[in-house]
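Report on the structure given below.
Note on naming: letters A, B, ... go to the chains in the order of the sequence lines (proteins, then strands), and numbering restarts at 1 for each one. Any value given below was found using the heavy atoms of this structure, including those in side chains, with hydrogens, waters and symmetry copies removed.
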Amino acid sequence: MLRKLIFNHQRQQLKCLATKATLPKLVNLEPEHIEEAIKLEPALSVYTPELWRRAHETFQNHGLETVNFLRIVTANPKLLQRAPQRIVNSLEIWRACQFGEHLLHLLLTKYPELLDVNDAHRLLSLIAYLKSRVSTNKNVWKLLMNSPDLLEQSEQTIEEKLNYLFEIMRIEVPEIVKSSALSLPFEELRCRHTFLLRLGLFKPRALKADPNEPTTNNRLYQLTDTSEKSFATKICHVTLPEYEAFKELLARELERKTRKRKEDPFSDDDEED
Amino acid sequence: MLKIRNICMLQRRWKSGKRRWNVLQHKKNNCDRALDSFDDFYGSVYGGRWKNMRAALLTEHKYVAMVNNFGDTEQTCSMLEMDGAINIKSLIQLARERQESGEVGGGEGGELNLATRAHYDIDGKLDALVRKQEEREVAAIYPSSASEDGHVPPQQLKYDKETKKDELETETESTEFKQSLTRALEEDVQLDESRLVDPQFGTGGLYEYVPANRIKGMEDWVAESEHYKYYQTNVDFPLIIEPDATLQYPEHLAIYTYEMGNCADFKPPRQCLTGVLSHFLMDGASVLPPLFLQVQPGERVLDACAAPGGKSLLMLQTLHLDQLVCNDVQESRLNKLRHVMQEYLFDYKQRWAGKRLIFSHNDARNLDEYGSYDKILVDVPCTTDRHVLMHQDNNIFKPTRIKERLRIPELQAGILANCLRLLKPGGSLVYSTCSLSPVQNDGVVHMALQKVFTDHGITTRIKDLSQHTALLGDIYRFEQPKGLKYGQMVLPYLPANFGPMYFSKIMRDT
């Protein structure tokens, strides 16, 4: 993932700032930087140079380079009109998550929308919860790098997905943080996994199996970071109509099962799965 | 309903929840056993296609709705049409028109040719499977360390019957139609002469190494590989395969289905003015065997294994039948059948029971009204692939039923052979199973044809149904013709999740 990230990072750098890539380090905000940024994002043209200077200074004071600053504002133009104090507050909240300066900058550059955060309590409790499930700050950072929409999900939905990944799919933390499985809705995740199970392509690991032992299962990111079509054809090797029919049938089957359980909550049927 | 658990709470044994791996571990149940066995068997028969069938088998199946002609027929038809269902009759019509228009352009005889000169690669696959299974059984009994000691494990496990057969009646047995497992199990254990040490030559002989060739305590063991050996390929009976006459769809039969890819549900049947139910929901593939039997007006028909009654009811709904005899071996299943008939036939007591609809409670192998039926439907008991994967109760993969399961082909061939004798000369029957196993399908047809020829001199013709199935290609997914010898098969396929259903039409000549 990290390699992919750095690669992306470099590619973006080449793409939007091709002329400046050769320069050793950008310290000052030059007028041509602004011009180029406006070319990329026309919405930026309404702001005065003063606003530009002010925002740049704020970011620079907090250790973000001009390149990163330009990338952040092109993706999130409203930051320019925000009061410096509010930006600093958001940065402070993020800093409290203790990812380390460098990783934090990478995260914020990749997803500038994360700077809109202003509820410190909510963010910190979410990060603490994630840390309790994936054990290290770095893993939490990796999770956020792959699925930034975690911030908008409630703890229950994340819990449901994580429990499913850990207990039913028996997937270990390193694999989970390398995928964007948590961005998928729970139903979608369950549907993809059940489909593979029924095709016989996904063998659940034995409970006492050594976690380092290689599996023949597809990696989690192959399951979750693919479009429906490539999931069906490349991972499952079936046709798309088959997968679509399965989705419909499974939804109905599960609905029928829950209805039955509601009617007779004490029934003793040990269903498969 | 009152349940014990509702009244008194049982004490929980694990206070902090079940955590230990051996508690959490999923206990292997009958469905898992069935799935493992299918993975192994069908995986090697169908190769890469098995996983698609597997997913389809494990998912809900699709129904078709058969309209009851004794209820408010028109109302039911319009209700089903309003829901978007299509009458199979009109689909067949369309396919026929399309075929005719296509035939004008380019000849279509190639397909039939292909079917007849097909080479059956399934034979080779089954041979390989038997070998693999035997090796596995040998490995299970002879641990790998044995070979290091210099003992060479036998190529194949010989249980008592085979050892004896080989010694006593080497040639005669191999030409017989099959080795009966039942008989083999009942034979007494005999002393193995080659292992007796005569005391007059001293006890020195005792120290000589005598390799084991039989396993004590396993005399009644049935090896899984025996089951696959029912599939034989040598033909020594006259085999004629000819295309069946054109399909005549019964005029009064209305069966509704949704198009491929549409997984919608049908409304449940409702009570009609005449007091019967409006339509019958059944697996789409079960429609085909009675349809291809093509019952004509005034014929006497037998349904050899009738319960739960869907196929019998379909034959009654054609309104062609003169008399239908429904036979089943179990009283409970017969009662279920009676119940279905009462729900769907108007004026059941006065007009049907005992007159045009006769129930018989017999083993289909023991029916003896030879040469008296025009048509017979032989829907034999089988491993019911969909049922065993989904339901725990009445599951044939229960470990205690292993002998019953492995001997199923024998039972099926017995029923089919007897039913062939029940046919009038010139009459025809359809043999059907809801299993994917080539052993229970082509293997059984082969055994039965061979048996009736050698024992009773009955010659038969196989009717090739591939023209009919071509008409239904829009609704069902069929197995390619070259995989099967004597019949056609509906494969489970997710967008059209019918079947599995194998059927073969056989006509009696003499």
Side-chain angles (χ1 to χ4, degrees), chain A residues 163 166-170 190-211 216-218 231-233 235-257 259-260 263-273, chain B residues 1-7 9-10 17-32 34-36 38-40 42-43 46 48-62 258-265 388-393 477 492-497:
Chain A
N163 283 347
F166 281 124
E167 279 156 31
I168 305 208
M169 295 178 76
R170 303 225 184 90
R190 182 172 55 185
C191 176
R192 288 187 176 204
H193 173 233
T194 317
F195 190 49
L196 279 174
L197 268 185
R198 295 200 180 167
L199 284 168
L201 298 177
F202 193 97
K203 301 263 183 305
R205 301 166 67 90
L207 279 158
K208 273 186 53 157
D210 178 14
T216 53
N217 295 337
N218 282 305
F231 171 71
T233 51
I235 309 291
C236 306
H237 308 289
V238 299
T239 54
L240 187 59
E242 276 176 274
Y243 178 60
E244 277 168 353
F246 176 80
K247 264 187 6 186
E248 206 174 314
L249 289 170
L250 183 73
R252 202 168 67 197
E253 186 184 318
L254 292 171
E255 187 213 350
R256 201 164 290 171
K257 222 178 256 178
R259 207 189 311 146
K260 208 170 124 194
E263 280 164 15
D264 191 7
F266 290 100
S267 76
D268 244 352
D269 49 26
D270 277 349
E271 303 274 1
E272 39 89 59
D273 279 330
Chain B
M1 216 172 99
L2 274 182
K3 283 193 174 172
I4 294 178
R5 208 189 293 180
N6 297 5
I7 303 167
M9 282 296 285
L10 288 175
K18 299 175 185 178
R19 290 246 183 84
R20 252 183 80 78
W21 66 272
N22 57 356
V23 179
L24 289 171
Q25 203 170 37
H26 178 66
K27 283 248 166 56
K28 202 169 184 182
N29 58 30
N30 296 335
C31 295
D32 299 327
L35 193 59
D36 284 349
F38 288 167
D39 273 343
D40 199 31
Y42 298 156
Y46 295 102
R49 293 183 301 151
W50 161 238
K51 71 174 171 17
N52 302 43
M53 297 180 210
R54 188 183 194 268
L57 279 177
L58 288 169
T59 312
E60 283 188 345
H61 70 150
K62 190 171 169 178
Y258 292 110
E259 75 275 14
M260 200 180 264
N262 184 346
C263 313
D265 259 341
V388 294
L389 290 180
M390 304 294 266
H391 302 282
Q392 291 295 335
D393 52 332
R477 164 64 63 107
Y493 174 63
L494 277 166
N497 205 351

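Residue D39(B): no heavy atom, backbone or side chain, is found under 4.5 Å from chain A. For L196(A), no part lies under 4.5 angstrom from a heavy atom of chain B.
Interface summary for chain A: among N497(B), D265(B), L57(B), the most heavy-atom pairs under 4.5 angstrom belong to D265(B). Chain A forms the most heavy-atom pairs under 4.5 Å with one residue out of A55(B), A56(B), G48(B), and that residue is A55(B).
A salt bridge does not link E248(A) with R252(A): none of the charged nitrogens is closer than 4.0 Å to a carboxylate oxygen.
Not one N or O on the side chain of R477(B) forms a donor-acceptor pair closer than 3.5 Å with the backbone of Y493(B). Between the side chain of N217(A) and the main chain of K203(A), a donor-acceptor pair closer than 3.5 Å is present.
When each of K260(A), K247(A), R190(A), R198(A) is tested with E253(A) by the rule salt bridge (Lys or Arg N to Asp or Glu O under 4.0 Å), just one qualifies, namely R198(A).
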